Amino acid sequence: MNAPEQSTTPTAYGVRIDATPGDVAITLGGEPLPRGQVTGYVLQHDVHGALPSLILHTRQPEGVLFEGLATVAVAVQQDHGDVIAQFLAGIDPAALQRAALDRDDLDDGKHGVTEAILKQLADWARGRS
C-alpha cells in the first residue's frame with residue numbers, strides 16, 4: 001500500500017485583520033482567533049509573487065485593516081533573556097579567556113579584562129571572530 005501523497009504547498013486561509021493600537025481581531029478561514037492569543041502579526045506581500053504571507057507574533061503600532069487570502073505561519077517569539085542565556089551557554093570559557101586576552105584593544109586598567117571579555121562576547125554575538 002502506498003502512503004498518501006502530502007502536499008508541500010502551504011494551505012491558504014481567508015484572512016481578516018481588524019486592528020487598532022493595542023487590540024486586534026483576526027479571523028482565519030472564517031474562524032475568529034481568541035482575543036489575547038495573538039500578540040501581533042506581520043503581513044507581507046510581494047505584488048509580483050503569489051499570496052501575501054501572514055506571520056502571527058508582533059504588535060503593530062498603527063491600525064490596520066486587511067481582508068483577503070494569505071499564507072499563514074505562526075512564530076513563537078523568544079524572550080531576549082532566553083536567547084542571551086542560550087548564547088552564553090554555548091561559550092567555551094577557556095576559548096573566551098584566550099580570545100579576550102589576545103585582543104589588540106586589551107586595556108591593562110582595573111577592569112580591562114572584563115571589558116575585553118564583554119567586547120569579545122559582543123563580537124561573537126555579531127558573528128565576528
Side-chain angles (χ1 to χ4, degrees):
M1 175 186 276
N2 292 337
E5 212 172 289
Q6 292 186 349
S7 172
T8 58
T9 305
T11 302
Y13 294 88
V15 176
R16 179 175 172 78
I17 300 171
D18 188 1
T20 58
D23 188 42
V24 64
I26 298 178
T27 303
L28 296 179
E31 295 292 322
L33 298 178
R35 287 227 189 258
Q37 181 177 357
V38 176
T39 61
Y41 59 89
V42 173
L43 180 64
Q44 181 178 353
H45 185 211
D46 173 3
V47 295
H48 300 291
L51 296 173
S53 293
L54 173 64
I55 301 172
L56 304 174
H57 70 90
T58 61
R59 187 168 308 281
Q60 299 296 317
E62 299 179 12
V64 174
L65 177 61
F66 171 82
E67 187 168 348
L69 290 177
T71 304
V72 178
V74 178
V76 177
Q77 194 169 13
Q78 281 191 299
D79 178 84
H80 293 303
D82 291 341
V83 173
I84 293 167
Q86 223 173 13
F87 168 73
L88 292 174
I91 299 294
D92 176 351
L96 175 58
Q97 184 174 2
R98 279 191 307 273
L101 293 175
D102 288 343
R103 290 181 66 91
D104 293 334
D105 60 354
L106 178 62
D107 182 3
D108 62 357
K110 183 175 180 180
H111 303 290
V113 173
T114 302
E115 184 178 5
I117 288 172
L118 292 172
K119 285 180 179 179
Q120 188 62 47
L121 287 170
D123 284 350
W124 284 348
R126 291 182 185 103
R128 299 180 198 151
S129 305

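Since the structure is predicted, the reported quantities are computational estimates derived from the model, not experimental observations.
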Worksheet item: Hey, what else clusters with L118 if you join Ile, Leu, Val, Met, Phe, Trp, Tyr whenever side-chain heavy atoms sit under 4.5 Å?
Response: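 L118 clusters with nothing; isolated.
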Worksheet entry | V15 vs L43 side-chain heavy atoms within contact, under 4.5 Å |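 Side-chain contact under 4.5 Å: no.
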Separation between [atom1] of [X] and [atom2] of [Y], rounded to the nearest 0.5 Å:
{"X": "L33", "Y": "L56", "atom1": "CG", "atom2": "CG", "value": "6.5 Å"}
{"X": "L28", "Y": "R16", "atom1": "CG", "atom2": "CZ", "value": "13.0 Å"}
{"X": "R128", "Y": "Q120", "atom1": "CZ", "atom2": "CD", "value": "10.5 Å"}

Worksheet item: Which heavy-atom pair separates L106 from G112 by the least distance, and what is that distance?
Response: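 Nearest heavy atoms, L106 then G112: CD1-O, 3.7 Å.
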Worksheet entry | Taking every non-hydrogen atom, the tightest pair across F87 and A125 |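 It is CZ-N, 3.7 Å.
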Item to complete: Not counting sequence neighbours, which residues clear salt bridge (Lys or Arg N to Asp or Glu O under 4.0 Å) with R126? List them please.
Response: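 Expected list: none.
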Worksheet entry | Under the salt bridge (Lys or Arg N to Asp or Glu O under 4.0 Å) test, residues paired with D105 that sit two or more places apart |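 If we apply the salt bridge (Lys or Arg N to Asp or Glu O under 4.0 Å) test to D105, skipping adjacent residues, the hits are R103, K119.
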Acceptor/donor pairs from residues 88-102 side chains to any protein atom, 3.5 angstrom cut, sequence neighbours excluded:
from : atom 1 : to  : atom 2 : distance (Å)
D92  : OD1    : A94 : N      : 3.0

Discussion item. Using the rule that Ile, Leu, Val, Met, Phe, Trp and Tyr join whenever any side-chain heavy atoms are under 4.5 Å apart, tell me whether V83 and L121 fall into a single cluster.
Written reply: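 No; L121 is not reachable from V83 via cluster members.
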